[in-house]
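All residue numbers in this chain count up from 1 along the given sequence. Source: prediction; values computed, not measured. Below, all heavy atoms of this structure are taken into account, side chains as well, without hydrogens, waters or symmetry copies.
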Amino acid sequence: MINGNKQLLRKNYKIIRSNIVDRYKKDQTIFEQIINNTFVKESKLILIYFSNQDEVDTKELINFFLSLHKLVALPKVIGKEIVFYYINSINDVKTGKFGIKEPITGSKVLDYSDSVCIVPGICF
């Protein structure tokens with residue numbers, strides 16, 4: 001796909017996403033689907049992003065997984081690389097590169113076995 005088409009698709013779908021009606025209800029449906037997923041239930045480590053205002057809300061998911069004492073890690077941009085770091089609390093973040101919340105504390109994830117990665121996507 002030509003990069004210009006990708007940018008146009010992203011722009012159009014961001015507009016659509018920002019106009020979603022009943023966002024809370026839809027976020028709750030997604031929350032329920034994720035926490036009831038067999039792979040998620042059985043995984044030891046949850047790799048997840050910290051949502052911005054228009055994305056599916058992941059803050060409730062993060063708190064839920066932490067309450068179950070699962071390991072939770074968020075991505076951080078370091079140079080041209082994305083590295084995951086463990087967090088202990090939803091408050092262990094600050095705004096980083098590209099305006100995305102990133103972990104400020106925690107250890108770098110070195111072992112990705114027994115993990116599930118939840119990633120944002122605007123359109124597929």
**Q** Grab the two heavy atoms, one from S113 and one from D111, that are nearest each other, plus how far apart they are.
**A** OG-OD1, 2.6 Å
**Q** Nearest 0.5 Å please: distance from the CG atom of L47 over to the OH atom of Y112.
**A** 6.5 Å
**Q** Please check if Y85 and I48 belong to a single hydrophobic cluster, counting links between Ile, Leu, Val, Met, Phe, Trp and Tyr side chain heavy atoms closer than 4.5 Å.
**A** no
**Q** With rounding to the nearest 0.5 Å, note down the distance linking CD1 in I100 to CD1 in I82.
**A** 8.0 Å
**Q** Under 3.5 Å, is there a donor-acceptor pair between the side chain of K76 and the main chain of G96?
**A** no
**Q** Quick one: pull up NZ in K94 and CD in E102 and give me the separation to the nearest 0.5 Å.
**A** 7.5 Å
**Q** Quick check against the 3.5 Å criterion: does K70 have a side-chain atom that pairs as donor or acceptor with the backbone of K41?
**A** yes
**Q** For the residue pair Y86 and K108, what are the closest heavy atoms and their distance?
**A** CE1-O, 3.9 Å
**Q** Could you tell me the separation between the CG atom of D27 and the CD atom of E55, rounded to the nearest 0.5 Å?
**A** 10.5 Å
**Q** Between L61 and F39, is there shared hydrophobic-cluster membership here, with clusters defined by ILVMFWY side-chain heavy atoms closer than 4.5 Å?
**A** yes
**Q** Could you go step by step and tell me if S115 and F84 meet the side-chain contact (heavy atoms from CB on, under 4.5 Å) rule?
**A** CA-CA 12 Å; S115 67; F84 281 85; over 6 Å; no
**Q** Are V83 and Y49 connected, step by step, through hydrophobic side chains (Ile, Leu, Val, Met, Phe, Trp, Tyr) whose heavy atoms are closer than 4.5 Å?
**A** no
**Q** Of L66, L68, I62, which meets side chain to side chain contact (heavy atoms under 4.5 Å, CB included) against F64?
**A** L68
**Q** Honestly curious: do I104 and V93 fall in one hydrophobic cluster under the side-chain, below-4.5 Å linking rule?
**A** no
**Q** What are the two closest non-hydrogen atoms of I46 and S43, and how far apart are they?
**A** CD1-OG, 3.3 Å
**Q** For the residue pair P75 and P103, what are the closest heavy atoms and their distance?
**A** O-CD, 3.3 Å
**Q** Under a 3.5 Å distance rule, please check whether N63 uses its side chain to pair with a backbone N or O of E60 as donor and acceptor.
**A** no
**Q** Quick check: do I34 and F65 have side-chain heavy atoms less than 4.5 Å from each other?
**A** yes
**Q** Is there a donor-acceptor pair under 3.5 Å between the side chain of E81 and the backbone N or O of I78?
**A** no
**Q** If only atom types and distance count, is the side chain of D22 paired as donor or acceptor with the main-chain N or O of K25 below 3.5 Å?
**A** no
**Q** Out of curiosity, L71 CG to L45 CG, how far, rounded to the nearest 0.5 Å?
**A** 5.5 Å
**Q** Say you draw a straight line from CD1 of I90 to CG of L74; how long is it, rounded to the nearest 0.5 Å?
**A** 7.5 Å
